[in-house]
Amino acid sequence: AQKITQTQPGMFVQEKEAVTLDCTYDTSDPSYGLFWYKQPSSGEMIFLIYQGSYDQQNATEGRYSLNFQKARKSANLVISASQLGDSAMYFCAMRVSNFGNEKLTFGTGTRLTIIP
Amino acid sequence: SQTIHQWPATLVQPVGSPLSLECTVEGTSNPNLYWYRQAAGRGLQLLFYSVGIGQISSEVPQNLSASRPQDRQFILSSKKLLLSDSGFYLCAWSKTGAFTDTQYFGPGTRLTVL
């Protein structure tokens, strides 16, 4: 079974500072994908960034980067130069390669609040 | 580009009443489709997924059911709602079931059962 752990229920960060959101995962499958989603107060889940288990380099997408440490089974999201609009819930999720195992397994999320 | 729609956006229903939530995807063909539920302050739980018309897989036994009458239409139903069915229901799609494929979510339906 797969498991995602997000140990930070909430974080407060000053505007323009960088922020790291922690995510650790557990799976015995060697092939997996790791995803980060942002959920603003409106409720929609917005895809931010993806990292594959076989990717050699850390993923980056604009101000978002993923600090992937495979041996430690961690996939932390780094947001550079935070903005007020970054205030939201952030979810780490994982998908494995088993045929028929379609689901994304989600963590419990981290509520990020950017302070002006 | 692809777009995913859900309706209604919000719904308040009495216990024991029926339910029908609809999800449609535009701009792609033969997508994989998913229904998730999010309880207040928690992560998402997969309820159903579909890899094609009429093909439904259930992840969690409950009084909900799903159907896929058309390629890009996914419906979540219940004959009699329970209080525990309250939550935020999200539909998602992906190109395939591969672990590398991103799932993209719709705007969601907030269901309150009273």
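Proteins get letters first, then strands, A, B, ... in listed order; numbering begins at 1 in each.
By a heavy-atom distance cut of under 4.5 Å, A:Gly107, A:Thr108 are the residues of residues 107-116 of chain A near chain B, going up by number.
Other residues, nucleotides and ligands place more than 12 heavy atoms under 6.0 Å from the NZ atom of A:Lys70. For CD of A:Glu61, the number of neighbouring non-hydrogen atoms (other residues, nucleotides, ligands) closer than 6.0 Å is 12 at most. Surrounding NZ of A:Lys73 are more than 12 heavy atoms belonging to other residues, nucleotides or ligands, all under 6.0 Å away. The local environment of CD in A:Gln14 is crowded, with over 12 non-hydrogen atoms from other residues, nucleotides or ligands closer than 6.0 Å. For A:Phe12, the CZ atom is loosely surrounded, since the number of other residues' heavy atoms within 6.0 Å does not exceed 12.
Put simply, A:Ile4 and A:Met11 are part of the same group of oily side chains (I, L, V, M, F, W, Y) that touch within less than 4.5 Å, one to the next. When hydrophobic clusters are built by joining Ile, Leu, Val, Met, Phe, Trp and Tyr residues whose side-chain heavy atoms come closer than 4.5 Å, directly or via intermediates, B:Leu21 is not grouped with B:Val12. Placement of A:Leu77 and A:Leu84 within a single hydrophobic cluster is found when ILVMFWY residues are connected by side-chain heavy-atom separations under 4.5 Å, directly or transitively. Two different hydrophobic clusters hold B:Ile56 and B:Ile75 under the rule that ILVMFWY side chains link at heavy-atom gaps under 4.5 Å. The hydrophobic clustering, which links ILVMFWY residues whose side-chain heavy atoms are closer than 4.5 Å, places A:Val19 and A:Tyr64 together.
For the atom pair CD of A:Glu44 and OH of B:Tyr104, the computed distance is 14.0 Å after rounding to the nearest 0.5 Å. Separation of atoms CZ (B:Phe105) and OH (A:Tyr37) is listed at 5.0 Å; rounding is to 0.5 Å. Atom OH of A:Tyr50 sits about 7.5 Å away from atom OG1 of B:Thr102, to the nearest 0.5 Å. B:Leu46 CG to A:Phe106 CZ: the interatomic distance, rounded to the nearest 0.5 Å, is 9.5 Å. Atoms OH and OG1, from A:Tyr32 and B:Thr100 in turn, are 14.0 Å apart once rounded to the nearest 0.5 Å.
At a 4.5 Å heavy-atom cutoff, the contact between A:Gln39 and chain B is made by side-chain atoms alone. Interface remark: B:Gln6 contributes no atoms to any contact with chain A (heavy atom separation under 4.5 Å).
Within the structure, every pair that satisfies the disulfide bond (SG atoms under 2.5 Å apart) test and touches residues 5-48 of chain B, not counting sequence neighbours, is listed here: B:Cys23-B:Cys91.
Within the 4.5 Å cutoff, the side chain of A:Leu104 has no heavy atoms near those of the B:Tyr34 side chain.
Here the closest non-hydrogen pair linking B:Leu90 and A:Met45 is CD1-CG, 3.9 Å. Taking every heavy atom of both residues into account, B:Arg110 and A:Gly43 meet most closely at NH2-CA, 4.3 Å.
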